[in-house]
Amino acid sequence: MTIARTAPAAGVLRTAYQQSVASYWNNEKDPVNLRLGDVDGLYHHHYGIGEVDLSVLEGPEATRDERIIAEMHRLETAQAEVLLDALGDVGPGDRLLDAGCGRGGSSIMANLRFGCAVDGVSISEKQVDFANEQARLRGVDDQVRYHFRNMLDTGFETGSRRGIWNNESTMYVDLFELFAEHARQLEFGGRYVTITGCYNDVTGGRSKAVAQIDQHYTCNIHPRSAYFKAMTANNLVPISVVDLTAQTIPYWELRAKSSVATGIEGPFLTAYREGSFHYLLIAADRI
């Protein structure tokens, strides 16, 4: 007897690579994500931007690490605010999509800011369960929902989204497939925003430092030019490109001094400083 599998979970993990990425994030319990989120219950899976308050390095040694953790969380929350700023005019009646939502912090921030419904998708069932529990604890689970779905084929309605974003998650997928799906879901005039690391293909191929980042996160960092080629091919017109590289270096310098350093701080700082790796915000409108 054939037993029908439950949709959409049956088709979520399409390839061996996606299964390996899902396994990585299902098993991930990195303090650099969890301890920072414990500060105020907003759990992010991205890096920070902005000027560091160096006073956190001063004062009693016993509470030094606690101060560093709080400052790193402030910087990563500031990064999410910059991304949400780029979404433009969003109202309570609109719907947003957080593609590759991690543990869901940015989705909750979007709901708090705009008062609208937000869906997040991830191929990590553990992340989805964790994020839904956070939405429940905050009392916003009627408007913020997380789903075990593939961002390349979400199953959401065509033209149903005012805005969509990827926050450091595009390096896990083919950009042409991703932007085709985003363009399908966006209403005409809708906004897409990504903050992402990409390698500088003007100066050459993937540097040693960038390759180390790929290996650490089981990802495949794209060249900078690929973003614009894939957007153009899918009716997404870039309206803003902001180089955040200089703004993220202080975060990495502080993280290297923290108890939650993972060992990847050196390659990030090397790649940023040598110019082989850029940290960009790209906003594009659906035409």
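In what follows, every heavy atom counts, from backbone to side chain, and hydrogens, waters and symmetry copies are set aside. In what follows, residues are counted from 1 in the order of the sequence shown.
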His46 side, atom NE2; Leu75 side, atom CG - distance, nearest 0.5 Å = 10.0 Å
task = Establish whether Leu34 and Tyr24 are linked, either directly or via other cluster members, by ILVMFWY side-chain heavy-atom contacts under 4.5 Å.
result = no
key: Donor-acceptor under 3.5 Å (Glu181 side chain, Thr154 main chain)   = yes
inquiry  = Is it the case that the side chain of Ser169 and the backbone of Ala99 share a donor-acceptor pair, with hydrogens and angles ignored and the cut-off at 3.5 Å?
reply    = yes
message = Starting from Tyr192, can I reach Phe176 by hopping between I/L/V/M/F/W/Y residues whose side chains sit under 4.5 Å apart?
response = no
request  = With sequence neighbours excluded, tell me which residues meet side chain to side chain donor-acceptor pair (under 3.5 Å) with Thr158.
outcome  = Arg184
ask   = Do Ser225 and Asp201 have side-chain atoms, one donor and one acceptor, less than 3.5 Å apart?
value = yes
key: Reported CG-to-CD distance for the pair Leu96 and Gln185, which is rounded to 0.5 angstrom   = 12.0 Å
message = Any heavy-atom pair between the side chains of Ser258 and Asp65 that's under 4.5 Å?
response = yes
inquiry  = side chain to side chain contact (heavy atoms under 4.5 Å, CB included), that's the test. Do Lys208 and Thr270 meet it? Break it down for me.
reply    = CA-CA 10 Å; Lys208 179 180 178 181; Thr270 296; over 6 Å; no
request  = Indicate the atoms forming the closest heavy-atom contact of Ser160 with Arg95, along with that distance.
outcome  = O-CB, 3.6 Å
message = Among residues at least two apart in sequence or on other chains, which ones pass ring-ring contact (aromatic ring centres under 6.0 Å, His included) with Phe130?
response = Tyr43
task = Could you pull out all residues at least two apart from Glu28 that satisfy side chain to side chain donor-acceptor pair (under 3.5 Å)?
result = Asn33, Arg103
message = Within the structure provided, determine whether Leu254 and Ile68 are in side-chain contact (heavy-atom separation under 4.5 Å).
response = yes
key: Any Ser107 side-chain heavy atom under 4.5 Å of Trp165 side chain   = yes
key: Qualifying side-chain hydrogen bond (donor to acceptor under 3.5 Å, both in side chains) pairs, either residue in residues 276-287, two or more places apart   = Gln79-Tyr279, Glu168-Tyr279, Arg191-Asp285, Ser207-Ser276, Arg224-His278, Glu274-Ser276
Sequence neighbours excluded - ring pair (Phe, Tyr, Trp, His ring centres under 6.0 Å) pairs with any residue from residues 73-98 = His44-His73
inquiry  = Counting C-beta onward and ignoring hydrogens, is there a side-chain heavy-atom pair between Met109 and Val118 closer than 4.5 Å?
reply    = no
message = Once side chain to side chain donor-acceptor pair (under 3.5 Å) is applied, do any residues pair with Asn26, and if so which ones, sequence neighbours excluded?
response = Ser124
inquiry  = Once you measure the plane-to-plane angle for Tyr47 and Tyr251, does it fall in the parallel (<30°), tilted (30-60°) or perpendicular (>60°) bin?
reply    = tilted
message = Are more than 12 heavy atoms, taken from residues, nucleotides or ligands other than Asp142, located less than 6.0 Å from that residue's CG atom?
response = yes
remark   = Rounded to the nearest 0.5 Å, the CZ atom of Arg162 sits from the CG atom of Leu87 at a distance of 9.5 Å
query = Hey, is the main chain of Ile108 close enough, under 3.5 Å, to the side chain of Asn111 for a donor-acceptor pair?
reply = no
query = Considering all heavy atoms of both residues, which atom of Gly275 and which atom of Asn200 are nearest to each other, and what is their separation?
reply = O-ND2, 3.1 Å
task = Would you name the heavy atoms of Ala22 and Ile123 that are closest together and state the gap between them?
result = CB-O, 3.3 Å
ask   = How close do Ile213 and Phe268 get, heavy atom to heavy atom, and via which atoms?
value = CG2-CZ, 3.7 Å
note = The side-chain contact (heavy atoms from CB on, under 4.5 Å) partners of Pro60 (sequence neighbours excluded) come to Thr63, Arg67
request  = In plain terms, say whether Asp40 and Arg74 are close enough for a salt bridge, that is, a side-chain N and a carboxylate O under 4.0 Å apart.
outcome  = no
note = Shortest non-hydrogen pair, Ala209 vs Pro267, comes out as CB-O, 3.5 Å
key: Partners passing ring-ring contact (aromatic ring centres under 6.0 Å, His included) against His147 (at least two apart in sequence or in another chain)   = Phe156
Please tabulate, for side-chain N and O atoms in residues 235-244, each donor-acceptor pair with protein atoms closer than 3.5 Å (sequence neighbours left out).
| from | atom 1 | to | atom 2 | distance (Å) |
| --- | --- | --- | --- | --- |
| Asp243 | OD1 | Thr245 | N | 2.9 |
| Asp243 | OD1 | Thr245 | OG1 | 2.6 |

key: Under 3.5 Å donor-acceptor, Arg206 side chain and Ile221 backbone   = yes
query = Do Ser23 side-chain atoms and Ser20 backbone N/O form a donor-acceptor pair below 3.5 Å?
reply = no
inquiry  = To the closest 0.5 Å, what do you measure between CD1 (Ile195) and OG1 (Thr170)?
reply    = 11.0 Å
For the student: nearest non-hydrogen atoms of Gly102 and Ala131, plus distance = O-CB, 4.3 Å
ask   = For Leu281 and Val193, what are the C-alpha separation, side-chain angles and deciding distance, and is it a side chain to side chain contact (heavy atoms under 4.5 Å, CB included)?
value = CA-CA 7 Å; Leu281 179 149; Val193 180; 4.2 Å; yes
Hphob cluster co-occupancy, Val202 + Leu280, side-chain heavy atoms under 4.5 angstrom = no
query = Salt bridge or not for Glu253 and Arg273, using N-O below 4.0 Å?
reply = yes
ask   = Got a second to check how far Leu97's CG is from Asn166's CG, nearest 0.5 Å?
value = 8.0 Å
query = Do the rings of Tyr227 and Phe179 sit parallel, tilted or perpendicular, given the 30° and 60° boundaries?
reply = tilted
inquiry  = Checking the side chain of Asn234 only, and the main-chain atoms of Ala183 only, is there a donor and an acceptor separated by less than 3.5 Å?
reply    = no
query = Which residues pass the ring-ring contact (aromatic ring centres under 6.0 Å, His included) test with Tyr146, sequence neighbours left out?
reply = none
key: CA sep, side-chain torsions, deciding dist, call: Arg255, Thr262, side-chain hydrogen bond (donor to acceptor under 3.5 Å, both in side chains)   = CA-CA 9 Å; Arg255 175 167 156 169; Thr262 62; 3.2 Å; yes
ask   = Does Gln215 CD have over 12 foreign heavy atoms under 6.0 Å away?
value = no
ask   = Would a distance-only check, ignoring hydrogens and angles, find a side-chain to backbone donor-acceptor pair under 3.5 Å from His222 to Leu175?
value = no
message = I want to check something: taking the side chain as every heavy atom from C-beta on, are Val39 and Glu76 in contact at a cut-off of under 4.5 Å?
response = no
message = Once ring pair (Phe, Tyr, Trp, His ring centres under 6.0 Å) is applied, what residue pairs with a partner in residues 74-122 remain, sequence neighbours excluded?
response = none
query = If only atom types and distance count, is the side chain of Gln134 paired as donor or acceptor with the main-chain N or O of Gly105 below 3.5 Å?
reply = no
inquiry  = Counting C-beta onward and ignoring hydrogens, is there a side-chain heavy-atom pair between Leu83 and Ser106 closer than 4.5 Å?
reply    = no
message = For Arg14, give me all partners under side-chain contact (heavy atoms from CB on, under 4.5 Å), at least two apart in sequence or on another chain.
response = Gln18, Asn150, Leu152, Asp153, Glu177
request  = Could you tell me the separation between the CD1 atom of Ile49 and the OG1 atom of Thr77, rounded to the nearest 0.5 Å?
outcome  = 11.0 Å
query = Can you tell if the side chain of His45 reaches within under 4.5 Å of the side chain of Trp25, non-hydrogen atoms only?
reply = yes
key: Val210 backbone acceptor or donor facing Gln212 side chain under 3.5 Å   = no
